[in-house]
2 protein chains.
Amino acid sequence: MKNCLKALRAERRWTQQQLADALGVSRQTVNAIEKGKFDPSLPVAFRLAALFACRIEDIFSPNSG
Amino acid sequence: MKNCLKALRAERRWTQQQLADALGVSRQTVNAIEKGKFDPSLPVAFRLAALFACRIEDIFSPNSG
DNA sequence: CCAATTTGTAAAGCACACTTGACATAAGGT
DNA sequence: ACCTTATGTCAAGTGTGCTTTACAAATTGG
């Protein structure tokens, strides 16, 4: 699963901490998702899409599909 | 998190087992997701959307958002 | 250069996504 | 009534999403 979270966050000039707070997760979780260490849960994915005013499919794309 | 998986599956006249096989998860997992016992992982959500040829947002909707 | 902020990473622990195996109930066809 | 298929559910186990605490490296600004 790839994602363009880092780019979206950079556009807004938010720190990982600010995004984490807005998302309701820890900074380490934001960092791990950005670095591709794991995929977010579906609820967190929905909150991300809401925050960036786009679709989940605009942020994440499965590696093979 | 609500979902209309049961309705989508019924439209296609698929059994839980057939959907599970197509998804690559167990029948119990399909059943649990349909019954709202837990939310699928993001990869499984993407596979569901692909199978039903729609967006994740068309299948799932967060309870408060 | 120095100090503060930001990012990257690690370990231990809890909750949940998902598994296999098993069994009860429901629904359909003969 | 019987047999088969479909659904609902439970239990125990594995892997991972996410937490807290902590610290090192990188970046930014005086």
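Quick caveat: nothing in here was measured; it's all calculated off a predicted structure. Lettering follows sequence order; numbering is per chain, from 1. The basis for the numbers below is simple: all heavy atoms, side chains too, and nothing from hydrogens, waters or symmetry mates.
- Per the geometry, CD1 belonging to Ile33(A) stands 13 Å off P belonging to dG8(C), to the nearest Å.
- Between the P atom of dG17(D) and the CG atom of Asn31(A) lies a distance of 15 Å, rounded to the nearest Å.
- Computed from coordinates, the Gln16(A) CD to dT27(D) C1' distance equals 13 Å when rounded to whole Å.
- One finds a side-chain N or O of Lys37(A) lying less than 4.0 angstrom from the OP1 or OP2 phosphate oxygen of dA10(C).
- Counting non-hydrogen atoms under 4.0 angstrom, Thr29(B) reaches a base of the nucleic acid.
- Among dC18(C), dG8(D), dT16(D), the nucleotide with an atom closest to any side-chain atom of Val44(B) is dC18(C).
- Taken from CZ in Arg9(B) to CD in Glu34(B), the straight-line distance is 4.0 Å, to the nearest 0.5 Å.
- For the pair Phe38(A) CZ and dA17(C) P, the computed distance is 14 Å after rounding to whole Å.
- Taking atom CD on Gln28(B) and atom P on dG13(D), their separation rounds to 17 Å, with Å as the unit.
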- [ ] Output, in order, the C-alpha distance, side-chain angles, deciding distance and verdict of side-chain contact (heavy atoms from CB on, under 4.5 Å) for Ser41(A) and Leu42(B).
- [x] CA-CA 6 Å; Ser41(A) 67; Leu42(B) 195 53; over 6 Å; no
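- Here Thr15(B) lies in heavy-atom contact (under 4.0 Å) with sugar-phosphate atoms only.
- Residue contacts for Ser41(A): at a heavy-atom cut-off of 4.0 Å it reaches the sugar-phosphate backbone alone, with no base atom in range.
- Atom CG of Leu51(A) and atom CG of Leu19(A) lie 6.5 Å apart (nearest 0.5 Å).
- For Lys6(A), a side-chain nitrogen or oxygen approaches OP1 or OP2 of dG8(C) to under 4.0 Å.
- Contact annotation: Ser26(A) side-chain N/O to dT20(D) OP1/OP2 distance is not under 4.0 Å.
- The CZ-P distance, from Arg27(A) to dT5(C), rounds to 14 Å in whole Å.
- Rounding to whole angstrom units, CD of residue Glu34(B) and P of dC18(C) are separated by 14 Å.
- What separates CG of Leu48(B) from C1' of dC18(C) is a distance of 14 Å, to the nearest Å.
- Heavy atoms of Arg9(B) sit under 4.0 angstrom from primed sugar atoms or phosphate atoms, though from no base atom.
- Under the 4.5 Å side-chain criterion, counting only non-hydrogen atoms from C-beta, Asn3(B) is in contact with Ile33(B).
- Here the side chain of Glu57(B) pairs a donor or acceptor atom with the backbone of Ile56(A) at under 3.5 angstrom.
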